[in-house]
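Worksheet for the structure shown next.
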Number of protein chains: 2
Amino acid sequence: MKKKVVLKDIAKEVGVSIATVSYVLSNGKDGRIGKEVTAKIKKVAKELDYQPNLIAKSLKSGKTNTIGLIVTDLSNPFYAHIARIIEDEVTQLGYTLMVSSSDEKAEKSWNLIKFLMHRQVDGFIIVPTAESEDQIEHLKEKKIPFVLIDRYFPEIPSHHVVVDNYTSAYKVVENLIQTGNTKIGILTQGNSLSHMKERTRGAIAAMEKHHLTINPTWLKEINFDSVEEDIAKGIEDLLTGDDPVTAIFFASNSLAIPGIKKVNHLGLKVPTDITIASFDQGEAFDLYYSPITYVHQPLSDLGKEAVHILTTEIASPGSGYQQVNLNAKMVVKESSRKDLIF
Amino acid sequence: MKKKVVLKDIAKEVGVSIATVSYVLSNGKDGRIGKEVTAKIKKVAKELDYQPNLIAKSLKSGKTNTIGLIVTDLSNPFYAHIARIIEDEVTQLGYTLMVSSSDEKAEKSWNLIKFLMHRQVDGFIIVPTAESEDQIEHLKEKKIPFVLIDRYFPEIPSHHVVVDNYTSAYKVVENLIQTGNTKIGILTQGNSLSHMKERTRGAIAAMEKHHLTINPTWLKEINFDSVEEDIAKGIEDLLTGDDPVTAIFFASNSLAIPGIKKVNHLGLKVPTDITIASFDQGEAFDLYYSPITYVHQPLSDLGKEAVHILTTEIASPGSGYQQVNLNAKMVVKESSRKDLIF
DNA sequence: TTGAAAGCGCTACCAT
DNA sequence: ATGGTAGCGCTTTCAA
């Protein structure tokens, strides 16, 4: 196993000092070092196939050019998509991405944050979990640059990039109402988090605006740890209770997919038997026999904004918090068009 | 901005040497250092909220405890899922994952590999792109541990973990035949790669085995850069040509999703008008009105095996190549059951 | 134009 | 039981 080629090897080979080699190889602009020496160093570096050790450079500079991304679950297409966009952005800026999943668990999230801090990442992009306020505060104390996405903590000033959950939910539910529904079930998850609070608030506001009486049993909070069961039970409840609903609003894609599956199993036809709408996009939505009406989040803008804010913060820390609220687009398809039935 | 706490700070505070502090804090087993000193060092470390600098440790040890994962596209649910599994595995082993997407481009892949090598990753897990043989050879030359997944290069001995593409494709197509199809279209992509070669070979073998004449126009290779268009055109061709097919086998999920969309657009009913089967799982498959028959790849085993092989190689290099062939499971649903129609 | 040397934070060998 | 010191690979200041 031949050893790795380092600056010293080149220096020895060329017959100059390590400092000179370093200067030539890293400092783009030639000129300080003689033409011949410069050429020779570059030639030998290539011959020896010199590969710079970025770890050493990082130790010296205190910057690793890596950024940590913490999502709740990389296998969720929604977050995978965001991760991909962020990956492209940071790669273009010369950074490397370290990706991890917190599974909506504060403890996991905390471990990941500590671990990545020890690895000296230059900054974080985080989808915060419930009960992780202290972690965010900790990052602030330590002056580690970070940007929250998807959700944030209103009481903790920080950079964040989210979509206008309230308005989007409002619009979707209003759409449901306008197509003839007066009883609407709402499935949510992780209600202590800002995004869900807003979606719920928006949905309810739409119903109130249209003078609908809201039966509290129409609101179903799904537990992260028992999604399938909770959803199955929740939907059965909604449809067979004393006051059955005619429509269901899924507050996220991870609710909608198993939810629709359940609707299928019950043998219900969409939108005839039940009207459906969801937050988030998903490849399954379009393929469904009755394409699903959904809120399309601008993931590309979200990812790019987050990276932009983060890298700006890294470059010049402490110049005020950027708090971005992106508009989402409602895509109305057949699943919510009860009005189409004749 | 208060400086980061380093060993020296603790040493000064406690009144001992840096070496002692290092020893106490990193070497789990106490005993060599006095009880009191040990206790005091630990106490001060906690008070000062000491965070070890893993970069420095890496420089010293030559190990970074990071592994690089290169997939073709992290936003593809299939690869996202694999990434998630690998993430969990390596995290458990104390490693951090750096994830990147090559977009099936050898050049991108090469840049990523170089970049991650400079970052001194301890090893790679790679979904190799076409024309990237030299990159693999390069890793071998440099003695960087790596494991190929999903595909590999038969002519280059290396660790790899793949599924039995030939047999799986054979079985699915045979299923299509057994349910009454004699003319079957096959959509593939990236045919120079081992996995696609095998799938194509398997599909054709099944047809030959059943004495079907294969019309070469039934084989459509889809270009990575024009998936939508190629698929739309390919499917129209298959269905409206001189010798129209009654079934289509999609050799991957990224072919099936847009393919099924096209079938929908054409207003064709599955499985009445056209019978369908696909490689790879996808959440859309189950939700489809006529659930799709597919080859379920054991992603969990695949990811775990890859990590296991890689970490073993890192720990003790050069002890023979592990080449794993996993069995995939055929899941027969309604989309391929032409026999169900009456 | 070039190089010596210090130092980034940590570990580990060898003394004491 | 403790600590001095060298060194991982690189950059950068200051001198020559």
Side-chain angles (χ1 to χ4, degrees), chain A residues 1-42 44-45 48-66 117-122 142, chain B residues 1-42 44-45 48-66 117-122 142:
Chain A
M1 167 118 179
K2 43 184 183 265
K3 267 189 52 63
K4 272 178 182 149
V5 177
V6 297
L7 290 185
K8 207 206 312 200
D9 302 322
I10 301 177
K12 205 186 301 170
E13 178 77 17
V14 179
V16 294
S17 77
I18 296 176
T20 306
V21 177
S22 168
Y23 186 89
V24 169
L25 258 27
S26 45
N27 226 316
K29 44 180 171 294
D30 310 64
R32 239 188 69 178
I33 305 296
K35 267 264 182 280
E36 283 180 35
V37 184
T38 300
K40 189 153 183 201
I41 288 175
K42 286 188 175 168
V44 172
L48 264 42
D49 190 26
Y50 168 70
Q51 307 287 5
N53 184 328
L54 262 30
I55 293 292
K57 186 182 276 198
S58 290
L59 180 59
K60 187 99 233 304
S61 67
K63 295 210 354 103
T64 54
N65 274 282
T66 58
M117 276 176 64
H118 296 173
R119 286 226 141 72
Q120 315 295 123
V121 296
D122 292 340
K142 294 281 179 178
Chain B
M1 168 117 178
K2 44 185 181 272
K3 265 189 53 61
K4 271 176 183 151
V5 177
V6 297
L7 290 184
K8 196 179 7 171
D9 302 322
I10 301 177
K12 205 186 301 169
E13 179 76 17
V14 179
V16 293
S17 77
I18 297 177
T20 305
V21 178
S22 169
Y23 187 87
V24 169
L25 259 27
S26 45
N27 227 317
K29 44 182 172 292
D30 308 68
R32 237 188 69 176
I33 305 297
K35 267 266 183 277
E36 284 181 33
V37 183
T38 299
K40 190 154 183 200
I41 288 174
K42 285 188 175 167
V44 172
L48 264 40
D49 191 25
Y50 168 70
Q51 307 287 4
N53 184 328
L54 263 29
I55 293 292
K57 188 182 275 200
S58 290
L59 180 58
K60 184 99 237 296
S61 67
K63 296 214 348 108
T64 54
N65 273 279
T66 59
M117 276 176 64
H118 295 173
R119 284 227 142 72
Q120 316 295 124
V121 296
D122 293 339
K142 294 281 178 180

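Note that the coordinates shown come from a computational prediction; the quantities given were computed from them, not determined experimentally. A note on names: the letters A, B, ... follow the listed sequences, proteins ahead of strands, and every chain is numbered from 1.
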Taking side-chain contact (heavy atoms from CB on, under 4.5 Å) as the definition, give me every residue that meets it alongside E13(A), ordered by chain and number, with sequence neighbours left out. V44(A)
Under the side-chain contact (heavy atoms from CB on, under 4.5 Å) test, which residues partner V16(A), sequence neighbours left out? V14(A), T20(A), V21(A), V37(A), I41(A)
Rounded to whole angstrom units, what separation is found between the NZ atom of K12(B) and the P atom of dT2(D)? 21 Å
Going from OG on S26(A) to CG on L7(A), what distance comes out if it is rounded to the nearest 0.5 angstrom? 8.0 Å
Atom CD1 of I55(B) and atom CG of L54(A): how far apart are they, to the nearest 0.5 Å? 9.5 Å
Please report how far the helix from dT1(C)-dA16(D) to dT16(C)-dA1(D) bends, comparing the axis fitted to its first five pairs with the axis fitted to its last five, to the nearest 10 degrees. 50°
S58(B): side chain to side chain donor-acceptor pair (under 3.5 Å) partners, not counting sequence neighbours: none
With sequence neighbours left out, the residues meeting salt bridge (charged side-chain N to carboxylate O under 4.0 Å, His left out) with K63(B) are D122(B)
What does nucleotides 7-16 of chain C look like as a protein-contact string, B for base, S for sugar-phosphate only, - for none, at under 4.0 angstrom between heavy atoms? BBBBBB----
Does S22(A) use its side chain to pair, donor to acceptor, with the backbone of I18(A) at less than 3.5 Å? no
Checking side-chain contact (heavy atoms from CB on, under 4.5 Å) for the pair K57(B)/N65(B): CA distance, chi angles, key distance, verdict? CA-CA 10 Å; K57(B) 188 182 275 200; N65(B) 273 279; over 6 Å; no
